[in-house]
Amino acid sequence: MVAFMASSQPEWWKTAVVYQVYPRSFAESASAIGPTPGVGTLTGLTERLDYLAWLGVDALWLSPICRSPMADFGYDISDFCAVDPTFGTLADFDELLVQAHARGIRLILDWVPNHTSDQHEWFQESRRNRTNPKADWYVWRDEPANNWLASFPRGESAWEFDEARSQYYLRCFLREQPDLNWDNPQVEAAMHGTLRFWLDRGVDGFRMDVVHLLGKDLALDDPPICQEKVWGHVPYNDQPITHERLRRIRRVLDEYRDTDGRDRASVGEVYLLDEAAMADYYGDGDELHLSFNFKFLWAPFDPAELAIRIHATVALLAERGAWPTWVLSNHDVPRHRQRYGGGELEARMAAIMLLTLPGTPFMYQGEELGLVDADVPAERVVDPGLRDGCRAPIPWDSSDLHGWTADPWLPFPPEAEVRNVERQLGDSGSILHFYRRMLALRSSTPALQGGIGASEFQLLKGTPGLLAWARSDGSQMWFTYINPTSVPQGDRGEMEGATVVLSTDASLEGSVVSGALPARVAFVARRDGTM
Ligand code: GLC
């Protein structure tokens with residue numbers, strides 16, 4: 001439907017910076033108040049696109065906007081082909097897409113293929129009896145087939161008894177989220193249909209929810225370690241059949257590319273805390289375009305640990321010609337500024353890390369403001385997975401309601417009276433401006449958009465306490481130096497003579513690297529030459 005930049009950047013997902021929008025908490029419309037004041041809408045997002053264009057992100061990933069009873073705030077979908085009225089209408093969505101594209105911003109949607117809402121008509125039919133046409137669309141058993149635990153609420157069995165059928169159904173998440181039976185080809189075809197619905201409307205791709213769960217071997221019990229984890233679904237679900245299913249999903253996306261030369265991208269939430277297993281989800285360039293990297297996300301802000309994770313990721317992906325992603329925060333985990341100890345300096349260092357690593361960075365709304373999680377008092381907790389803190393609404397201005405029309409569905413993050421968009425826009429030294437400068441530098445610098453080949457990227461071996469790498473486009477060298485410790489670094493020979501272009505310490509910008517390097521600083525520096 002929407003013509004967009006045709007094939008000028010077929011593999012746009014390699015150079016894009018993707019920004020995750022959690023629509024409930026992003027923005028309300030100033031002109032068209034939605035049905036639930038204090039909850040964000042699609043029109044609210046459309047009205048803030050100029051802010052996102054100013055910031056300099058290239059694509060948005062929207063957490064689910066489909067019709068949903070909201071037991072898991074949209075990850076429980078009751079109609080894959082409708083917009084939930086909380087967020088607006090299909091017409092609002094089409095307008096958002098047109099307006100995003102008009103600003104050169106691509107749009108990817110969250111696709112939730114592992115489960116539906118228990119209110120979805122497929123499940124309503126399936127649970128009616130054991131003989132209806134959709135009887136086998138979900139995973140039904142007379143007895144729990146294994147010891148699996150659901151992710152939410154923690155510790156409950158993943159097998160839920162249903163009175164109507166007098167059988168158990170599998171639900172890896174809430175009891176309101178029955179797992180689809182992907183062994184049934186009709187289910188697979190129907191889910192492909194949901195992809196086509198949004199592709200036909202012009203979306204640029206999908207973030208694919210818990211995509212490693214598409215193949216399951218019910219005969220396998222979980223090992224004891226899984227029984228202790230919040231995200232208990234670890235080894236049983238990494239099955240070979242999942243890869244076949246991903247290849248067929250990829251073919252659906254590629255049909256669209258074949259008509260206009262532009263990729264429809266997929267990024268998988270492969271929640272396997274193992275880089276090698278994650279790397280397999282790229283297949284031979286015929287499965288996911290991109291996969292999230294949770295082992296990196298969970299690493300502490302410690303140079304030695306981060307270097308190990310980066311090295312492992314790059315080594316494994318380079319082998320198969322795959323493209324890394326880097327993500328530090330999302331709607332499921334405490335924000336990274338918080339995880340990294342709470343300091344804004346660490347948040348700025350993390351921005352330099354995220355935006356100069358080779359691969360596709362994913363930002364989470366509000367990280368550009370240096371937000372930490374909201375303190376959510378017990379009586380305001382709404383998420384059965386206890387993830388409310390990172391989902392707090394974006395404070396847009398310094399007024400009492402911070403740009404919202406009513407007290408929002410969750411409390412604001414700390415310091416909203418100063419840590420808001422309006423205030424930071426007016427302060428050129430704010431973390432918001434810092435992100436914007438970093439994004440502008442990245443998009444205007446070919447070396448910072450390159451890949452992970454040995455001539456393009458090298459981690460610099462170092463002294464403990466230092467995380468550093470070099471990137472090259474064949475004529476310029478770019479160095480990233482991140483030293484969160486209080487110990488200065490000795491001579492960094494490789495960087496000698498490079499000019500500091502952007503730094504957490506603005507007084508270093510424009511200076512030439514020479515001799516020992518300072519503590520508690522991160523910078524990006526440039527020099528002519530090759531690796
Ligand atoms: C993914 C989502 C999370 C959701 C779960 C079940 O992990 O990111 O928010 O609760 O899947 O759909």
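Just follow the structure's listing: the first ligand is 1, and inside any ligand the first atom is 1. One is the number of the first residue; the rest follow in order along the sequence. Basis for what follows: all heavy atoms, side chains included, without hydrogens, waters or symmetry-related copies.
Neither the backbone nor the side chain of Tyr271 has a heavy atom within less than 4.0 Å of ligand 1. Counting heavy atoms under 4.0 Å from ligand 1, residue Arg207 touches it through the side chain alone.
Atoms of ligand 1 found under 4.0 Å from any heavy atom of His115, numbered from 1 in the order shown, are 6 (C), 12 (O). Counting atoms of ligand 1 from 1 in the listed order, those under 4.0 Å from a heavy atom of Arg391 are 9 (O). Below 4.0 Å from some heavy atom of Phe152 lie the following atoms of ligand 1, by number and element: 10 (O). Atom numbering of ligand 1 starts at 1 in the shown order; those under 4.0 Å from a heavy atom of His331 are 2 (C), 3 (C), 8 (O), 9 (O).
For the residue pair Asp263 / Trp13, a side-chain donor-acceptor distance below 3.5 Å is found, with atom types taken as modelled. Checked by atom type, the side-chain pair Asn184/Asn181 shows no donor-acceptor distance below 3.5 Å. Side-chain N/O atoms of Tyr75 and Ser68 include no donor and acceptor closer than 3.5 Å. Checked by atom type, the side-chain pair Trp182/Thr242 shows no donor-acceptor distance below 3.5 Å.
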*Stepwise side chain to side chain contact (heavy atoms under 4.5 Å, CB included) check, Leu49 with Leu96*: CA-CA 9 Å; Leu49 286 173; Leu96 167 66; 4.1 Å; yes
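Taking the six-membered ring wherever Trp is involved, the centroid distance between the rings of Tyr281 and His212 does not fall below 6.0 Å.
Relative to atom 5 (C) of ligand 1, the option among Phe173, Tyr22, Phe73 with the closest non-hydrogen atom is Phe173. For the residues Leu213, Asn114, Asp209, Asn330, the heavy atom positioned nearest atom 2 (C) of ligand 1 is part of Asp209.
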